[in-house]
Amino acid sequence: MQGMFISVEGIEGAGKSTILHYIQTYLSANHDVVVTREPGGTPLAEQMRHILLHIDVHEIMTAEAELLLMFAGRAQHIERVIKPALLAGKWVVSDRFVDATYAYQGGGRGVNERWIDMLEQWIVKGVKPCLTVLLDVPPELGLARAQRRSPQDRIEREKVDFFARVRESYLHRAQAEPQRIRVLDATQPLDTVQAQVRALLQQLTAKAHAK
Ligand code: T5A
């Protein structure tokens with residue numbers, strides 16, 4: 001595929017949306033950029049997002065149902081948005097992608113990674129970000145930021161321990177793939193984080209031009 005794929009990850013309130021906007025502005029000067037998100041990214045996948053985050057029924061969603069809904073939306077998102085954009089040479093920037101499933105459903109909910117691996121092989125088929133910016137914050141800080149910004153959704157109502165496991169799982173993945181997943185200390189002031197993101201984007205654009 002000709003375009004470049006970037007994902008931004010982190011727990012609630014890490015600053016993903018803020019940094020995504022920064023990346024979009026930075027890259028748009030020289031590239032055709034598609035900004036998208038998971039869960040969501042297509043009309044159908046956005047409806048699944050609504051079920052995942054906002055539906056309020058007197059029935060607890062099982063970890064397996066949550067996992068499958070994440071991948072159902074992702075199947076639409078990859079086929080309808082990500083692949084066509086990459087094939088057209090565009091730069092795709094996604095607010096979360098598969099790493100989030102390993103972190104939340106794997107680390108947070110305790111789903112065996114074997115099932116996530118299996119779904120990844122079936123649905124994602126090797127579509128992978130060339131750069132993943134992991135914004136790292138302690139859960140207490142991230143949740144406080146997120147709560148100041150908007151009312152809690154279904155997943156945000158989980159306890160701090162859940163987000164501590166999610167964070168650990170993200171950091172564990174970053175250790176396994178340090179070239180792709182770049183961890184930034186997102187407790188720093190926003191302009192410091194933005195400067196670090198800019199440096200990563202400069203490296204990536206230099207690499208893309210050298211191809
Ligand atoms: N999910 C998703 C799964 O469980 N499995 C999956 O496979 C996938 C794909 C999605 C939910 O779905 C789950 C994870 C999530 O629970 P979401 O909307 O994508 O939800 O994610 P949220 O984490 O809920 O998004 P938030 O909007 O809460 O957090 P952001 O985007 O990380 O934070 P942002 O940019 O909105 O910033 C929050 C506040 O902090 C400030 C901002 O100005 C804002 O007010 N801020 C900073 N303040 C000081 N210093 C900084 N460096 C700052 N950066 C941002």
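Values reported hereafter were calculated over all heavy atoms of this structure, with side chains retained and with hydrogens, waters and symmetry mates removed. Note that ligands are numbered from 1 as they come in the structure, with each ligand's atoms numbered from 1 the same way.
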Can you list the atoms of ligand 1 that are under 4.0 Å from a heavy atom of [X]?
X      : answer
Thr101 : 6 (C), 7 (O)
Gln105 : 3 (C), 4 (O), 5 (N), 6 (C), 7 (O)
Ala14  : 32 (O)
Ala186 : 52 (N)
Ala146 : 28 (O)

Is any side-chain heavy atom of [X] closer than 4.5 Å to a side-chain heavy atom of [Y]?
X      : Y      : answer
Met70  : Arg96  : no
Glu9   : Ile181 : no
Glu66  : Ile155 : yes
Leu171 : Glu168 : yes

Note to self: Strictly distance-based, threshold 3.5 Å: is any side-chain N or O of Arg49 a donor or acceptor partner for the main-chain N or O of Pro39?
What the structure shows: yes
Note to self: Using only atom types and a distance under 3.5 Å, with no angle test, would you say the side chain of Lys16 pairs donor to acceptor with the backbone of Ile11?
What the structure shows: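 Judged by distance alone, yes, a pair lies under 3.5 Å.
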[atom] [closest protein heavy-atom partner, distance rounded to 0.1 Å]:
atom                    : answer
atom 11 (C) of ligand 1 : Leu53 CD2, 3.8 Å
atom 1 (N) of ligand 1  : Met70 CE, 3.5 Å
atom 52 (N) of ligand 1 : Gln188 O, 3.0 Å
atom 42 (C) of ligand 1 : Thr18 OG1, 3.8 Å
atom 27 (O) of ligand 1 : Arg149 NH1, 2.3 Å
atom 25 (O) of ligand 1 : Lys16 NZ, 3.9 Å
atom 33 (O) of ligand 1 : Gly15 N, 3.3 Å
atom 13 (C) of ligand 1 : Ile155 CD1, 3.7 Å

Next item on the list: Please verify whether a non-hydrogen atom of Arg148 lies at under 4.0 Å from ligand 1.
Entry: no
Next item on the list: Tell me, please: is Glu156 in heavy-atom contact with ligand 1, that is, under 4.0 Å?
Entry: yes
Among [options], closest by any non-hydrogen atom to [atom]:
atom                    : options                      : result
atom 31 (O) of ligand 1 : Ser17, Gly40, Gly142         : Ser17
atom 48 (N) of ligand 1 : Arg37, Glu38, Arg145, Arg74  : Arg145
atom 29 (O) of ligand 1 : Gly13, Gly41, Ala100, Ala144 : Gly13
atom 18 (O) of ligand 1 : Glu12, Arg49, Gln152         : Arg49

Next item on the list: Classify the contact between Arg96 and ligand 1 as side chain, backbone, both or neither, using a heavy-atom distance cut-off of under 4.0 Å.
Entry: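 Near ligand 1, Arg96 shows its side chain, while the N, CA, C and O stay back.
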Check: Take atom CZ in Arg109; do more than 12 heavy atoms of anything else shown fall under 6.0 Å from it?
Finding: yes
Next item on the list: Could you say whether the N/O atoms of Gly10 and ligand 1 ever approach to under 3.5 Å?
Entry: no
Next item on the list: Return a yes/no value for Pro39: is any of its N or O atoms, backbone included, closer than 3.5 angstrom to an N or O of ligand 1?
Entry: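 No - when backbone and side-chain N and O of Pro39 are compared with those of ligand 1, no distance drops under 3.5 Å.
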Notebook entry, point to check: Is there a salt bridge (Lys or Arg N to Asp or Glu O under 4.0 Å) between Arg165 and Glu158 once you walk through the steps?
Noted result: CA-CA 11 Å; Arg165 291 196 298 278; Glu158 289 294 334; over 6 Å; no
Checklist line | Residue pair Glu12, Arg149: steps toward the salt bridge (Lys or Arg N to Asp or Glu O under 4.0 Å) verdict | finding: CA-CA 11 Å; Glu12 273 56 17; Arg149 199 221 43 225; over 6 Å; no
Check: Side-chain donor-acceptor pair under 3.5 Å between Tyr102 and Glu120, yes or no?
Finding: yes
Next item on the list: Say whether Ser7 and Ser94, considering side chains only, have a donor N or O and an acceptor N or O under 3.5 Å apart.
Entry: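 Judged by distance alone, the side chains do not pair up.
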Margin query: If the condition is side chain to side chain contact (heavy atoms under 4.5 Å, CB included), which residues does Ser17 pass it with, not counting sequence neighbours?
Written below: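 Counting only residues at least two positions away or on another chain, Ser17 forms a side chain to side chain contact (heavy atoms under 4.5 Å, CB included) with Asp95.
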Notebook entry, point to check: If you link I, L, V, M, F, W and Y whenever their side-chain heavy atoms are under 4.5 Å apart, who else ends up in the same group as Val193?
Noted result: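 Joined to Val193, directly or through intermediates: Met4, Ile6, Val8, Ile19, Leu20, Tyr22, Ile23, Tyr26, Leu27, Val33, Val35, Trp91, Val93, Leu131, Val133, Leu135, Leu184, Leu190, Val197, Leu200, Leu201, Leu204.
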